[in-house]
Protein chains: 2
Amino acid sequence: MMTQINKHLKKAQKGEDRGCCGIPGIPDSRFLKAVSDSTRLRILAHLVEAKKPQIVSEIAKSFPIDFSVVSRHLAILRNEGILLAEKQGKEVYYSVRYEFLSSIFRGFASAIESCCPPKERENE
Amino acid sequence: MMTQINKHLKKAQKGEDRGCCGIPGIPDSRFLKAVSDSTRLRILAHLVEAKKPQIVSEIAKSFPIDFSVVSRHLAILRNEGILLAEKQGKEVYYSVRYEFLSSIFRGFASAIESCCPPKERENE
DNA sequence: TGTTTATTTGTGTCATCATGCAACTATTAT
DNA sequence: ATAATAGTTGCATGATGACACAAATAAACA
């Protein structure tokens with residue numbers, strides 16, 4: 001039996017209150033901070049490449065840092081709705097919430113584009 | 001006459017070397033850090049909303065921090081290719097590089113989706 | 001029961017970074 | 001040339017955050 005351990009989720013999860021400064025689609029700072037750390041970005045990439053849920057100790061093997069630190073990074077990504085954690089016995093399986101993640105970034109891109117002035121002409 | 005002051009640009013600008021850990025489309029950590037700071041995110045949103053280039057002192061009026069700090073934030077965003085800086089006399093006009101920004105985030109979204117397993121079924 | 005394994009969490013340390021203020025550079029005006 | 005304005009940069013400080021290690025929690029197994 002899989003037990004969801006994503007109880008007290010941030011508002012991020014429910015899609016409400018996303019946005020910064022009145023422009024809908026701009027993610028909040030904490031979400032972006034979660035993915036901006038280089039180690040977390042690598043962990044995320046690792047899980048994306050794995051294409052299947054992985055347990056903490058397995059993930060930790062790929063990184064030259066203490067497994068407790070990996071656990072903390074995973075928790076940060078989970079709290080932002082980027083990862084899903086499922087407990088199965090002693091182990092906790094982490095997986096990527098693909099649709100959620102891509103929709104946030106696609107929304108960001110759209111938010112910026114929708115404000116893009118018609119005559120966009122950059123350098124060179 | 002407008003003078004480009006975006007000389008020593010990061011590789012970010014030229015579209016090369018973007019990517020993390022072998023998955024093309026995942027932006028690097030520094031780029032994400034640039035947009036993950038809450039003040040920088042607000043500055044970016046401010047410029048997006050303005051829909052036209054603005055000078056440093058004008059931007060700084062909207063933020064309760066020293067204008068030198070705003071200048072530093074703008075430089076960080078510029079160095080990552082997110083903003084364009086154009087000097088005109090004493091003033092420096094900053095504007096959003098819309099296409100660049102949105103393409104990065106859209107690429108990120110696509111990179112994640114392209115790795116998305118067929119049976120994507122998250123918790124409700 | 002106690003023991004082992006998997007993960008989380010408490011705590012201290014060190015590095016990074018946002019901030020304010022002052023000094024410096026650059027451009028325009030008197 | 002001097003002064004005034006716009007912006008950048010040097011420097012000190014305080015806050016945040018990544019990290020290691022140890023202790024605590026949780027689950028399976030002896």
Side-chain angles (χ1 to χ4, degrees), chain A residues 1-9 20 28-44 46-47 53-80 83-95, chain B residues 1-9 28-44 46-47 53-80 82-95:
Chain A
M1 192 268 277
M2 285 287 197
T3 307
Q4 300 288 333
I5 59 179
N6 296 27
K7 300 309 180 189
H8 49 69
L9 293 178
C20 152
D28 76 33
S29 174
R30 267 186 306 189
F31 174 86
L32 291 169
K33 273 191 205 302
V35 284
S36 70
D37 177 74
S38 62
T39 301
R40 282 195 292 272
L41 202 54
R42 277 193 290 264
I43 290 176
L44 177 61
H46 179 82
L47 283 170
Q54 289 212 314
I55 65 176
V56 181
S57 51
E58 198 61 32
I59 299 168
K61 284 180 187 165
S62 302
F63 298 89
I65 54 178
D66 196 82
F67 67 96
S68 68
V69 179
V70 172
S71 172
R72 249 183 260 264
H73 281 312
L74 290 167
I76 290 171
L77 292 169
R78 169 170 51 86
N79 283 331
E80 291 304 321
L83 300 183
L84 175 68
E86 294 170 296
K87 186 159 189 174
Q88 196 170 217
K90 284 182 296 188
E91 289 108 349
V92 176
Y93 285 81
Y94 280 91
S95 55
Chain B
M1 192 269 276
M2 286 285 198
T3 308
Q4 301 287 335
I5 60 179
N6 297 26
K7 301 308 180 190
H8 48 70
L9 292 178
D28 77 33
S29 174
R30 268 187 304 190
F31 173 88
L32 292 169
K33 274 192 204 301
V35 284
S36 70
D37 176 74
S38 62
T39 301
R40 281 194 293 271
L41 200 55
R42 277 193 291 264
I43 290 176
L44 177 61
H46 178 83
L47 283 171
Q54 289 212 314
I55 64 176
V56 180
S57 52
E58 197 63 32
I59 299 168
K61 284 179 187 165
S62 302
F63 298 90
I65 54 179
D66 196 83
F67 69 95
S68 69
V69 178
V70 172
S71 171
R72 248 182 261 266
H73 281 312
L74 290 167
I76 290 171
L77 292 169
R78 169 171 52 85
N79 283 331
E80 291 305 321
I82 295 164
L83 300 183
L84 175 69
E86 294 170 295
K87 187 160 189 172
Q88 194 170 217
K90 285 183 295 188
E91 290 112 348
V92 176
Y93 284 83
Y94 279 91
S95 55

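In what follows, every chain begins at residue 1, and chains take the letters A, B, ... in the order their sequences are listed. Given the structure is predicted, the values throughout are model-derived calculations rather than measurements.
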Would you kindly give the [atom1]-to-[atom2] distance between [X] and [N], to the nearest whole Å?
X: A:Glu58; N: C:dT7; atom1: CD; atom2: C1'; value: 14 Å
X: A:Asp66; N: D:dA22; atom1: CG; atom2: P; value: 10 Å
X: A:Ile65; N: D:dC21; atom1: CD1; atom2: P; value: 12 Å
X: A:Leu32; N: C:dC17; atom1: CG; atom2: P; value: 16 Å
X: B:Lys61; N: D:dT5; atom1: NZ; atom2: C1'; value: 13 Å
X: B:Lys87; N: C:dT27; atom1: NZ; atom2: C1'; value: 7 Å
X: A:Gln88; N: C:dT7; atom1: CD; atom2: C1'; value: 15 Å
X: A:Glu86; N: C:dT7; atom1: CD; atom2: C1'; value: 16 Å

Strictly distance-based, threshold 3.5 Å: is any side-chain N or O of A:Ser29 a donor or acceptor partner for the main-chain N or O of B:Ser36?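 At least one qualifying donor-acceptor pair exists.
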
A:Tyr94 to A:Ala85 - nearest heavy-atom pair and separation: CE2-CB, 3.6 Å

Output yes when at least one side-chain N/O atom of A:Tyr94 is less than 4.0 Å from OP1 or OP2 of C:dA6, else no. no

Taking only N and O in the side chain of B:His73, is any of them less than 4.0 Å away from OP1 or OP2 of C:dC17?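 B:His73 to C:dC17 OP1/OP2: no side-chain N or O under 4.0 Å.
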
Classify the side chain of A:Arg72 and the base of D:dG17 as holding, or not holding, a donor-acceptor pair under 3.5 Å. no

Checking only heavy atoms, does the side chain of A:Ser68 share a donor-acceptor pair with the base of D:dC19 at less than 3.5 Å? no

At under 4.0 Å between heavy atoms, what does A:Ser57 touch on the DNA or RNA strands: base, sugar-phosphate, or nothing?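 Result for A:Ser57 = sugar-phosphate.
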
Would you indicate what B:Val56 reaches in the nucleic acid, counting non-hydrogen atoms under 4.0 angstrom: base, sugar-phosphate, or nothing? sugar-phosphate

So [Y] and [X], do their side chains get closer than 4.5 Å, heavy atoms only?
X: B:Phe63; Y: B:His73; result: no
X: B:Ser38; Y: B:Arg42; result: yes
X: B:Leu41; Y: A:Asp28; result: no

Want to settle it: does A:Lys33 or A:Lys90 sit nearer the 5' end of DNA chain D, counting the closest nucleotide to each?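 This one resolves to A:Lys33.
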
